[in-house]
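Some notes on the structure that comes next.
One-based numbering, in listed order, for ligands and for the atoms of each. Keep in mind it's a predicted model, so treat the numbers as computed, not measured. Numbering starts at 1 and runs along the sequence shown.
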Amino acid sequence: MEIKITRTTRPVAKPLAQEEAGTLGFGNYFSDHMFLMDYEEGKGWHNARIEPFHDLAIHPAATALHYGQEIFEGMKAYRGKNDEILFFRPRNNAQRWNDSARRMCMPTMDPDLYCQALNALVDLERDWVPHAPGTSLVLRPAMIATDPYLGVHPSKRYLFFILCSPSGAYFKNGMAPVSIYVEEELIRAAPGGTGFAKCGGNYAGSMLAGERAAEKGYDQVLWLDGKEHKYVEEVGSMNMMFVIDGTIVTAPLDGTILPGVTRDSILTLAKDAGWKTEERKISIDEVYQAAREGRLDEAFGTGTAAVVSPVGRLCYKGEEIVIHNGKIGPKAAYLYDRLLNIQLGNYEDKFGWVTVCK
Ligand code: COI
């Protein structure tokens with residue numbers, strides 16, 4: 001599809017001082033341009049364009065604002081060797097995008113078009129991809145339903161847009177192990193719900209538990225399954241992995257957790273390292289039992305934003321366990337190093353995950 005490009009006449013200053021000081025944070029700054037494209041029933045996707053970054057004007061009755069018909073993706077562009085700009089498994093995000101869209105009664109998109117849009121925007125914004133170690137250009141594709149009606153039904157019109165945000169680590173302490181509170185009462189998802197879709201409502205619904213966990217001094221919430229409040233699901237911003245007796249155990253993809261691209265990559269890298277992995281239901285009692293018996297070697301989260309994030313402390317029903325002495329464990333460290341250096345083009349890309357922005 002042809003993409004009309006309108007360049008900004010007022011480029012903004014890049015956050016170079018923050019990049020140098022390591023204070024970019026996550027999603028605080030935005031580049032000069034954004035990608036936009038419209039959809040209308042009967043007409044399909046049209047009017048693909050890159051414009052100077054601007055606020056959106058939408059009808060106050062737009063379906064997205066009232067009924068949450070909205071999805072998004074989390075991706076990054078990395079600065080590799082020789083200043084090449086690299087994407088990591090973008091077609092996997094395109095595929096997940098379409099799965100989310102179908103669940104939310106929204107239009108899907110040809111993965112080629114999705115990747116073309118990303119490439120065109122990042123190509124124009126390549127100077128915005130930060131250089132400092134641990135930084136990247138966070139890409140945020142999103143789609144909102146724009147029909148101006150208050151009836152509850154799928155919109156016939158949508159706006160797709162992509163934002164670019166030069167960012168550092170998702171967690172303010174970088175790779176330092178995070179503390180996690182296991183939520184006993186509230187749930188994130190239930191069988192048949194929208195847990196696997198990357199829709200805004202999943203995140204809005206998780207904020208109360210996040211606030212309560214923060215009040216108790218924990219960084220993140222670990223969700224248990226919605227039916228029995230027994231099995232470990234995910235953290236919301238990342239999938240969870242436990243290393244028990246040397247085996248990496250993670251929740252299965254059965255509809256209530258986000259099918260993380262990083263989750264899949266880490267499982268692949270772990271198998272490639274000759275380690276045993278299991279995708280199966282794992283109860284919080286099993287995690288605690290393993291901890292009591294000294295068999296819980298490590299715990300870590302995986303996600304595009306979080307990369308590989310070690311978990312140092314876990315609290316469930318008032319009982320806190322400290323994992324790997326509150327320090328990063330060897331498997332998490334190894335997997336982080338492998339993944340990041342494949343993403344940066346430093347290690348051999350034997351699974352064909354990296355594509356160059358052209
Ligand atoms: C990501 O990992 O990129 C995400 O989209 C998670 C997030 C909500 C920050």
Closest to atom 8 (C) of ligand 1 among protein heavy atoms sits Tyr203 CE2, 3.5 Å

Taking only non-hydrogen atoms of Thr304 and a 4.0 Å limit, the atoms of ligand 1 in range are 1 (C), 2 (O), 3 (O)

Does one side chain, of Arg89 or Ser265, offer a donor that lies under 3.5 Å from an acceptor on the other? yes

Is there a nitrogen or oxygen of Lys198 sitting under 3.5 Å from a nitrogen or oxygen of ligand 1? yes

Gly74: numbered ligand 1 atoms lying under 4.0 Å from its heavy atoms: 3 (O), 5 (O)

Would Glu125 and His33 count as having a side-chain donor-acceptor pair, cut-off 3.5 Å? yes

Considering Ala305, Gly301, Gly200, which one's heavy-atom position lies nearest to atom 2 (O) of ligand 1? Ala305

Does Cys105 offer a backbone N or O that forms a donor-acceptor pair with the side chain of Gln69 under 3.5 Å? yes

So for Glu73, does at least one of its heavy atoms come nearer than 4.0 angstrom to any atom of ligand 1? no

Pull out every atom of ligand 1 sitting under 4.0 Å from any heavy atom of Arg140, numbered as shown with elements. 5 (O)

Does NZ or CZ of Arg313 come closer than 6.0 Å to the centre of the six-membered ring of Tyr218, within 45° of the ring's axis? yes

Could you measure the distance from the CD atom of Gln95 to the OG atom of Ser100? Nearest 0.5 Å is fine. 11.0 Å

Does Arg280 offer a backbone N or O that forms a donor-acceptor pair with the side chain of Glu278 under 3.5 Å? no

Run the numbers for me: atoms of ligand 1, each under 4.0 Å from some heavy atom of Tyr170, listed by number. 9 (C)

